[in-house]
Peer 1: 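Below are the structure tokens for one structure; questions will follow.
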2 protein chains.
Amino acid sequence: MASTIKDVAKKAGVAPSTVSRVIADNSRISLSTKKRVRKAMKQLGYHPNINARNLAVRSTQAIGVVMPSSADTALQNPFFPEVLRGIGSFAHETEYSLYVSTGGDDDDIFEEVQRMVHGNRVDGIILLYSRISDSVQQFLMEEEFPFVIIGKPSEQENEITHVDNDNYKASLELTNHLIDIGHQNIAFIGGSDELTVTIDRLQGYRQAIQEAGLPLPEEYIVHVEFLKSGGREAVEQLFSLQTPPTGLVVADDLMSLGVINMLEEIGLNCPEDVSITSFNNLYLAEITTPPLTTVDIQIYMLGVHAARCLIEKAQNKDEPAKRIIVPHEVKYRQSTKEIDPTK
Amino acid sequence: MASTIKDVAKKAGVAPSTVSRVIADNSRISLSTKKRVRKAMKQLGYHPNINARNLAVRSTQAIGVVMPSSADTALQNPFFPEVLRGIGSFAHETEYSLYVSTGGDDDDIFEEVQRMVHGNRVDGIILLYSRISDSVQQFLMEEEFPFVIIGKPSEQENEITHVDNDNYKASLELTNHLIDIGHQNIAFIGGSDELTVTIDRLQGYRQAIQEAGLPLPEEYIVHVEFLKSGGREAVEQLFSLQTPPTGLVVADDLMSLGVINMLEEIGLNCPEDVSITSFNNLYLAEITTPPLTTVDIQIYMLGVHAARCLIEKAQNKDEPAKRIIVPHEVKYRQSTKEIDPTK
DNA sequence: GTGAAAGCGCTAACAC
DNA sequence: GTGTTAGCGCTTTCAC
């Protein structure tokens, strides 16, 4: 068994409480005893038992991270390691640890969250997704447990701290870009229409199309499962229409990859025949053929801010709800092309 | 404050110890009191405090997962969410939680691992990478702390439980496949040569080449940073050689994506001019152009097995060290092509 | 079958 | 400045 605070106390000839104060670097302890105690700790290879500490102070110095259910194929998106990296970086700085939930289905996740909350495993929770009428979200609200959402809450927007991009605006920009370079028939390919991120991106697209007075047949809006099957499906649907689109607003780079692929299969070329605009600026956006015009949403920073907000909130229950909008930037690459007026 | 075991005891008119026994579903408690106690728990919305429990039993029901440092660009690889998913799935079944370390650099990680171990935060640790003379690995050995490696330990192979693929053999197969379809000039593109996975894959390649009596100039072996810059660099190097290769064994699908891309940029086509074989069978291997011939290493299963082994080990310190080899399967797709004998 | 009581390792009043 | 002591919420002997 590892040595305890008592062992250290005995060895240094002080009381346990003094050792505790040295650990906390309490200013009322004289430098000489501090030194003595520290030496004893070194010699004994002492490390505080976090469980005991947590029990005593009723906090854990840990934050829970909840990913979408792995049923959700979204999990294969490099988005997640990248947010995790952001969260982890801030957490590390502040000496918090990360507790990750990766349940199989929604029920698993709900259970895990319950365990985290009721079992006092974490001081707060970051949700890595936001969908409408999500039971986890509701549960956390009811429990008044500190949490923040990456993305936009579907309701109670002003009571829930969240960090997000201006997806509406970004989408507007992308769509307008397509319009600016002459596209008239622009379609939207999104993920599940239950995710707020899809909803916002769709809204921005809609707005731009309407402002420009362009046609907006409902068939131009497709919600598909992520990637592979999704990309295929979307392209099949869209390009069997009477007036297939020449411009595409796609809600994720990974989907775009699938789209490019399927286009090629049916004999269409990007950007010659179809221009693609996309979201997320995953590293792979630069190495597709052609490289994607996409919105850099600063995934890493989303994570950093979320962690910061959560920790603030966990340390001070009265911290007001905030909204942090991480700025985005459209990266113009080669997947978009001015429409050929001679065609 | 949430209700405690005492509250429940009072409400049910029993002693705290009885409640405790009910939680553990102790067989010596009469069914009637069990029912009474359970009812009280429900009514009070009672959930055991995990910290207190952990403190009392000196265990945590949590396992630590250590990713490579995020300095390592490997982190952007979809490999990680996928293993996490596997680990998470098994962990969930057995009611373990996941504790994830995502340090910025190697020192951060080392610190976090120390905290995990000494602070009693986790019952065991899974390392998601293996490199030669890794300080974390050493540390865990010295502390005799339960851990398992996904990959192959660089030393003490027989004392460290690990789950791995037969990377040597898989690489041999890939290389032989290229040889079988007529390639004579085959190069290897790997990641850092400090990672055991790279080493094994290189070895398999070497073996196949030598067995076939083919040329193996040292310039045919390149170690590059992951992806983008890496892929570019590798291709640039290899295809400015006097005898550029016609076949490639690439240690990761993500790298392959970069390679295909750069090839195109310099006017070469895969598979017409260059055949590519690759590793991991990431979902994106199916949607590149062309789809990749790659080794399916069953990432998810790697995670599941690792979790299982770790939990066994954590529950029984005498559990012997094991090696689990997860079977692989080469997926033949369109990135490889018989060499044209007329050329 | 159930209760009383000690203790897991730490912190935080409250003393002095 | 430092020591004493009473918990934090749970498990686990040892009684009965």
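Order of the sequence lines sets the chain letters (A, B, ...), proteins ahead of strands, with each chain counted from 1. The structure displayed is predicted, hence computed values, not measured ones.
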Peer 1: Let me know the distance between CD1 of A:I5 and C1' of C:dG7, rounded to the nearest Å.
Peer 2: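 After rounding, the reported distance stands at 16 Å.
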
Peer 1: Measure the distance from NE2 on A:H118 to P on D:dG9 and round it to the nearest whole Å.
Peer 2: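 In whole Å, D:dG9 P and A:H118 NE2 are 15 Å from each other.
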
Peer 1: Angle between the end axes of the helix from C:dG1-D:dC16 to C:dC16-D:dG1, five pairs per end, to the nearest 10 degrees?
Peer 2: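 Between the first-five-pair axis and the last-five-pair axis there is 40°.
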
Peer 1: Measuring to OP1 and OP2 of D:dC8, would you say a side-chain N or O of A:R58 lies under 4.0 angstrom away?
Peer 2: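 So the side-chain polar atoms of A:R58 never come under 4.0 Å of the phosphate oxygens OP1 or OP2 of D:dC8.
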
Peer 1: Is the shortest heavy-atom distance from the side chain of A:I63 to the side chain of A:I87 under 4.5 Å?
Peer 2: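 Yes, their side chains come closer than 4.5 Å.
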
Peer 1: Treating B:T161 as the side-chain partner and B:V148 as the backbone partner, does any N or O pair qualify as donor plus acceptor under 3.5 Å?
Peer 2: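 Checked: no pair found.
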
Peer 1: What salt bridge (Lys or Arg N to Asp or Glu O under 4.0 Å) pairs are there with at least one residue in residues 117-140 of chain A, not counting sequence neighbours?
Peer 2: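 Qualifying pairs, neighbours excluded: A:D72-A:R131, A:D106-A:R131, A:R131-A:D134.
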
Peer 1: Given side chains that start at C-beta, do those of A:T60 and B:N51 come closer than 4.5 Å, heavy atoms only?
Peer 2: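 In contact.
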
Peer 1: List, one per line, each side-chain donor-acceptor pair under 3.5 Å for residues 7-24 of chain B, sequence neighbours excluded.
Peer 2:
from: B:D7; atom 1: OD2; to: B:T4; atom 2: N; distance (Å): 2.8
from: B:K11; atom 1: NZ; to: B:Q43; atom 2: OE1; distance (Å): 3.4

Peer 1: Please pick, from D:dC10, C:dC10, D:dG9, the nucleotide with the shortest atom-to-atom distance to any side-chain atom of A:L55.
Peer 2: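 Out of D:dC10, C:dC10, D:dG9, the nucleotide with an atom closest to A:L55's side chain is D:dG9.
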
Peer 1: Going by heavy atoms closer than 4.0 Å, what residues in residues 18-34 of chain B are next to DNA chain C?
Peer 2: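 Output list: B:T18, B:R21, B:R28, B:I29, B:S30, B:T33.
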
Peer 1: Taking all heavy atoms of B:E157 and all of B:H162, pick out the closest pair and write down the distance.
Peer 2: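 So the minimum-distance heavy-atom pair works out to O-CE1, 3.4 Å.
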
Peer 1: Could you tabulate the donor-acceptor pairs under 3.5 Å formed by side-chain atoms of residues 301-314 of chain A, not counting sequence neighbours?
Peer 2:
from: A:H305; atom 1: ND1; to: A:M301; atom 2: O; distance (Å): 3.2
from: A:E312; atom 1: OE1; to: A:K322; atom 2: NZ; distance (Å): 2.4

Peer 1: Rounded to the Å, how far apart are A:N49 CG and D:dC8 C1'?
Peer 2: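 Result: 13 Å.
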
Peer 1: Would you mind reading off the distance between A:K10 atom NZ and D:dT2 atom C1', rounded to a whole angstrom?
Peer 2: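 Taking atom C1' of D:dT2 as the reference, NZ of A:K10 is at 18 Å.
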
Peer 1: Which pairs with one or both residues in residues 21-56 of chain A pass ring pair (Phe, Tyr, Trp, His ring centres under 6.0 Å), sequence neighbours excluded?
Peer 2: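 Matches after skipping sequence neighbours: A:H47-B:H118.
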
Peer 1: Given atom CZ of B:R36 and atom P of C:dG1, what is their separation to the nearest angstrom?
Peer 2: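 Rounded to whole Å, this separation is 14 Å.
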
Peer 1: Without decimals, in angstroms, what is the distance between B:R53 CZ and C:dC10 C1'?
Peer 2: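 For the pair B:R53 CZ and C:dC10 C1', the rounded distance is 19 Å.
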
Peer 1: What is the distance, to the nearest angstrom, from the CG atom on A:N54 to the P atom on D:dG9?
Peer 2: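 It is 13 Å, rounded to the nearest whole Å.
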
Peer 1: With salt bridge (charged side-chain N to carboxylate O under 4.0 Å, His left out) as the criterion, how do A:E82 and A:R85 come out once you've worked through the C-alpha distance, each side chain's angles and the decisive distance to 0.1 Å?
Peer 2: CA-CA 5 Å; A:E82 188 66 7; A:R85 214 164 63 79; 3.1 Å; yes

Peer 1: Students often get this wrong, so: under 4.0 angstrom with heavy atoms, is B:S17 touching a base, only sugar-phosphate, or nothing?
Peer 2: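 Contact class for B:S17: base.
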
Peer 1: Between A:I50 (CD1) and C:dC10 (C1'), how many Å, whole number?
Peer 2: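 These atoms are roughly 12 Å apart.
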
